[in-house]
Amino acid sequence: MQNALTLSDGVAKLKGAGPKLAEKLANIGLNSIGDLLFHLPYKYQDRTRIMPIGSLRLGMAVVIEAEIRAAQVTFGKRRSLLCRLQDGTGLLTIRLFHFSKAQQNHLKTGYRIRCYGEVRMGPTGLEMVHPEYQVKEEGDFPPLDNRLTPLYPTTDGIAQIRLRNLIEQAIEILNRQGGLSEWVPPQWLTPWAMPSLSEALRTLHHPASSDDTVALLEGDHPAQQRLALEELLAHHLSLQALRQAVQATGAHPVPPSRKLAPALLTQLPFSLTGAQQRVCQEISADLAKPLPMLRLVQGDVGAGKTLVALMAALQAIESGLQVALMAPTELLAEQHFLNMQAWCEPLNICVDLLLGKTSKKERDGILDRLDTGKTALLIGTHALFQKGVDYANLGLVIIDEQHRFGVQQRLALKEKANNGTPHQLTMTATPIPRTLAMTAFADMDISIIDELPPGRTPVVTTVISQDRRDAVIRRVDAACEDGKQIYWVCTLIEESEELQAEAAEATANRLAEALPHRRIGLLHGKLKPADKSRLMQSFKAHELDILVATTVIEVGVDVPNASVMIIENPERLGLAQLHQLRGRVGRGTTESYCLLMFGTPLSEQGKQRLEVMRSTNDGFVIAEEDLKLRGPGEVLGTRQTGAIGFRVADMERDQHLLALIPELAQRLTTEYPSHAQPIIERWLSQADRFAQV
Ligand code: ADP
Ligand code: MG
């Protein structure tokens with residue numbers, strides 16, 4: 001029975017498991033016995049040796065053995081039981097807040113104790129709080145573990161020891177089966193002395209005493225690197241499979257624009273920057289191909305992405321194709337509409353705006369113009385791709401703010417075109433470090449607008465404490481006197497729109513009291529879209545001096561005369577988000593200011609982060625710092641795109657591997673084409689395998 005088990009059998013068949021446990025395991029994605037092999041420890045405990053107290057450092061989790069020199073109950077802030085331990089090399093205290101009478105009787109002066117716990121700094125020196133311990137009056141403690149103890153991610157009702165036991169059974173089956181198929185060519189691994197996949201899994205679940213424990217704990221052991229390499233490769237291959245799936249149907253090739261684009265350029269009061277020109281050419285060349293374009297344009301806030309998008313749109317429109325421009329919010333869609341309309345009117349191009357709030361009557365008119373092909377450019381939010389929105393000849397889809405648009409949605413676009421798949425251009429103002437971009441967006445070609453239009457004066461950023469609020473308010477008043485307009489941004493940790501709105505309202509009221517002669521508006525997520533845009537219009541028309549807002553103004557809003565921004569509690573936001581916010585000022589030619597008004601006390605790391613904001617306006621530098629401080633998930637906002645959730649790989653730690661992946665993926669698909677799919681299936685859950693949609 002047990003002997004006949006294979007890795008593809010269900011976990012319920014293992015010794016000590018049954019349907020109930022299997023159900024719990026399924027909740028954490030563990031269905032087959034083979035899944036257990038890929039359920040890897042998130043850390044290790046080292047209980048293999050006894051550490052002398054004299055050698056301990058803070059934060060270490062260690063085993064010590066010592067003699068109890070004193071034990072007493074103290075009644076300080078909290079009643080606690082303290083034992084002073086001495087092992088001949090130093091002194092350490094153990095502290096119990098909850099203890100029974102039996103425990104108290106057990107922890108006696110003169111007894112020997114063995115503890116496992118984390119070393120902390122207490123009031124009188126090093127201590128362990130609630131360590132695991134054994135006490136002996138005389139005799140020896142049992143032998144120590146001879147290997148590191150793996151700790152696994154688990155769920156309610158499955159103890160570590162249970163999980164460990166199941167995984168050990170899985171490894172026995174693996175061994176009996178003679179290992180897993182190797183899809184990564186072994187000769188690729190030799191330069192890094194990486195083990196085979198099966199060997200790597202055995203090591204991670206069951207490290208030998210000879211294994212480099214420091215490396216294992218840090219995650220850069222060759223066994224971990226071997227798995228990280230394959231996982232990164234799987235991810236990359238999967239995105240490429242997606243790309244192939246999108247491109248499989250082909251697209252309408254669009255020749256470069258001869259009339260409309262040149263006409264736009266003569267109409268502009270400025271010329272394109274070198275970076276804009278380069279990116280326009282890259283896009284133009286993509287469009288001319290019979291394959292759907294999949295291009296991501298990255299450019300810092302204010303880099304001029306809108307015009308680049310318009311140039312692409314003109315090329316498609318000149319060929320008789322329709323273009324859809326999708327923005328993440330209604331507010332932004334309206335802004336784009338106003339800009340695009342102004343540019344397109346002289347060119348005789350029909351532009352329409354379709355929003356959730358568009359009236360039925362208006363909507364019918366728009367859909368009709370769209371269906372008959374009269375509308376050349378349709379702007380809106382997700383509404384653009386709903387059922388019932390039918391295009392006569394959709395050829396290009398432009399998506400502003402990429403990170404809010406999911407990979408699956410990209411695939412679905414196919415259905416909107418009658419003729420192949422539309423070309424896709426996505427634009428993002430989130431600067432993404434290069435290796436990260438190559439990983440997260442392996443399905444796309446990337447263009448970077450790395451130059452701002454001339455004549456911009458960088459925003460001068462000051463970091464100031466909330467204790468100086470009065471001074472800040474005086475400064476705001478003086479700026480208003482000079483005819484400047486001000487954003488006052490309130491941040492809140494809570495996700496709730498409700499609370500955010502309340503906090504912003506309180507701030508607006510306080511400001512109104514302090515500055516009764518100034519015109520103050522309040523913008524938050526609870527407002528109806530129509531009220532929001534009315535508010536933005538009146539701010540833009542300078543009917544308001546100060547706009548108090550929550551972070552809803554984060555993306556895209558363009559009011560050139562607003563040249564001062566106050567951000568309350570900037571320490572609560574990510575650097576990339578702060579950078580986006582700050583990008584709302586500095587859009588005109590006057591000197592602009594950003595005041596980061598932090599709450600006290602500010603942590604050391606908090607200070608460092610704000611210092612980064614103060615010292616640079618370069619979105620890429622800020623993104624690199626953000627990546628270091630907060631990790632890739634936060635930087636990319638990938639919760640929505642579902643793109644990244646690695647099990648082993650770590651984008652910070654494994655940068656050296658990341659850099660190799662594109663080439664390895666390329667080689668694998670040409671030299672070992674049948675290996676790609678098994679690697680993808682091994683590492684990506686069904687839900688993550690975009691290409692199979
Ligand atoms: P973003 O990249 O943040 O979307 P926008 O496209 O909104 O930036 O451009 C910001 C501002 O810069 C707009 O007012 C736009 O008209 C202007 N702009 C764009 N390109 C240039 C250029 N080459 N020279 C001068 N101003 C430009
Ligand atoms: Mg923009």
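Keep in mind that this is a model prediction, so the values were computed, not measured. Sequence positions, counted from 1, serve as the residue numbers for this chain. Each ligand, and each atom within it, is numbered from 1 in the order the structure gives. All values below were derived from every heavy atom in this structure, side-chain atoms included, with hydrogens, water molecules and symmetry-related copies excluded.
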Looking at [X], which atoms of ligand 1 are within less than 4.0 Å of one of its heavy atoms?
X: Thr306; answer: 4 (O), 5 (P), 6 (O), 7 (O)
X: Leu307; answer: 19 (C), 20 (N)
X: Ser271; answer: 22 (C), 23 (N), 24 (N)
X: Thr273; answer: 23 (N)

### Message
Could you walk me through whether Lys526 and Asp531 satisfy the salt bridge (charged side-chain N to carboxylate O under 4.0 Å, His left out) test, starting with their C-alpha distance in whole Å, then the side-chain angles of each, then the deciding distance to 0.1 Å, before giving a yes or no?
### Response
CA-CA 10 Å; Lys526 294 285 288 174; Asp531 294 337; over 6 Å; no
### Within reach of ligand 1, part of Leu272 (heavy-atom separation under 4.0 Å)
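The answer is the backbone.
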### Gly299 near ligand 1 by a heavy-atom separation under 4.0 Å
no
### Message
Going by the rule side chain to side chain contact (heavy atoms under 4.5 Å, CB included), which residues pair with Asp618 if we only count those two or more places apart in sequence or in a different chain?
### Response
Thr616, Phe620, Val621
#### Entry: Contacts of type side chain to side chain contact (heavy atoms under 4.5 Å, CB included), residue Leu291, not counting sequence neighbours
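Expected list: Gln247.
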### Query
Got a second to check how far Leu522's CG is from Leu547's CG, nearest 0.5 Å?
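Rounded to the nearest 0.5 Å, the CG-CG separation comes to 8.0 Å.
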### Query
If you measure from CG on Asp443 to CG on Leu242, what distance do you get to the nearest 0.5 Å?
5.0 Å
### Message
When you measure from the side chain of Arg609 to the backbone of Leu573, do you find a donor-acceptor pair of N or O atoms at a distance under 3.5 Å?
### Response
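Answer holds: yes.
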### Query
Is there at least one pair of N or O atoms, one from Lys305 and one from ligand 1, spaced under 3.5 Å apart?
yes
### Message
Any nitrogen or oxygen of Pro454 lying under 3.5 Å from a nitrogen or oxygen in ligand 1? Just yes or no.
### Response
no
### Query
Are any of the side-chain heavy atoms of Leu347 and Lys259 separated by less than 4.5 Å?
no
### Task
Run down the list Gln298, Gln276, Met427 and name the one with the heavy atom closest to atom 23 (N) of ligand 1.
Gln276
